[in-house]
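Here is how names work: the chains are called A, B, and so on, in the same order as the sequence lines, proteins then strands, and each is numbered from 1.
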Amino acid sequence: MSRPDLCWFRRDLRLADQPMLLEVAKEAVGLFVLDPRLTRGSGQARLDYLFSALAALDETLGGRLVVAEGDPARVVPDVARELNVGAVRCTEDFAPYGRARDAAVAAALKAQGRELRPAGSPYAISPGRVRNGSGNPYRVFTPFRRAWSAHGWPRPAQTGADSTRWLAAEVSCQTELPSPRLVREAGEQAAAARWTAFLEGALAGYAQNRDFPAVDGTSRLSAHLKFGALHPRTLLRDIAAADADDTDKDVFVTELAWRDFYADVLSHHPRTAWHNVDRRFDRFAWSDSQEHFAAWQRGETGYPIVDAGMRQLAAEGWMHNRVRMITASFLTKDLHLPWQWGARHFIRLLVDGDLASNSHGWQWTAGTGTDAAPYFRVFNPTAQGKKFDPGGEYIQRWVPQLRDMPGPKAHEPNPRPAGYPPPIVDHAQERAEALLRYEAVKGR
DNA sequence: AGCCTCTTGCG
DNA sequence: GCAAGAGGC
């Protein structure tokens, strides 16, 4: 029997339905390298999800997953040598933000006489492939969305255990997997089950319900997509065939298009992962209050919808999208803190934390991004709360101090119950302050 | 994927 | 008084 290949799964843990990856997996030992910096900074829910996903991948690979910790430039060649593998492949990141790391890995492998080859991306559909009439990438979502749909995308590859033949390779350097403390089911089976449940359930009414954080009205597929347990091409195929309202289907597809749009933008402009797309904001006068930042992180701002969201994030490693926008607006426009502070906090705790969607979502809210909301679009946390959580159920779920405040009162608790803080800033005043600071940079 | 203020039309 | 729409930030 020939030597096995090594397939280095990078950020993406599962094969999804990319034909190339399936081919590779038939002949490969899997390798996942834990980044100690990442695991140290992560929240418990995120780690739980990661370990669950690793366990699911290990099962899929028939127990042939190697998990190691450390610098990939050292670990990947070490494992390759120890297993005496043939080819070394890696799942492609959609974005080039790992280029320096990959170059180091490739160089170390080359010293052994081995080559690092790409093995397809389970991440997104379109990055780098949608261009406008002049052959340039889009910078605005709406025309991107049109072109993205008009382009058409291949159907997913056929998957299934039957088609996969596993090598009986002995893996000697397997790191023991931490026992998964399942917060949420990870892996391809769990993802498929969640998708089916969505198609038969919340898809009806999705266009309306997706904005209400107390309602289970979203697909909750983001973590599965981030880890490659499910491919967006599969979603496109199934949604087209679904017997549902056209508006609901269209709105869901638009969400997938946003995800691809941000992946596309980041792949063309990798520096925007942590830097302003709109360079005028490089001169923006952000504040730097650690006290305000800490209050926001802990969910003690005195604005119920903000606090509920931040507490859900800490507890679950997930936050409803509507509330992500509200909490992000509060950090950048009410506390005037740099969007990067918020983005870093989010990506450390979110189980679905994805660089492109996270950073560009933050830049959208902050007004610094490609196709961003104009800076003067400031969310009013109280009005947003009343509009999208009219019954106050979301507040009551996450802020126990406000459990006795039903309905709209939950968003303006008066009097403040013991243990619930007064607002740390005055929204009307800080809104004006934000617009003032914006005046100083706009048009320059 | 906002908010605020002002105007107008109705009564 | 109020709802609905326009326009500016």
Give the rounded distance in Å between these two atoms: CD of A/E439 and P of C/dC9. 8 Å
Find the distance A/F376:CZ to C/dG7:P and express it as a whole number of Å. 15 Å
Check: A/Q384/A/N380 side-chain N/O donor and acceptor closer than 3.5 Å: no
Between A/P381 and A/H427, is any pair of side-chain heavy atoms under 4.5 Å apart? yes
Any A/E430 side-chain heavy atom under 4.5 Å of A/K333 side chain: no
Determine whether the aromatic ring centres of A/W153 and A/H151 lie less than 6.0 Å apart. yes
For a quick check of understanding: with a heavy-atom distance under 4.0 Å over all strands, which category does A/R322 fall into, base, sugar-phosphate or nothing? sugar-phosphate
If the plane angle is over 60° it's perpendicular, under 30° parallel, otherwise tilted; pick one for A/W286 and A/F284. tilted
Covered region of DNA chain B, 5' end to 3' end, by chain A [heavy atoms, under 4.0 Å]: B/dA1 to B/dC4
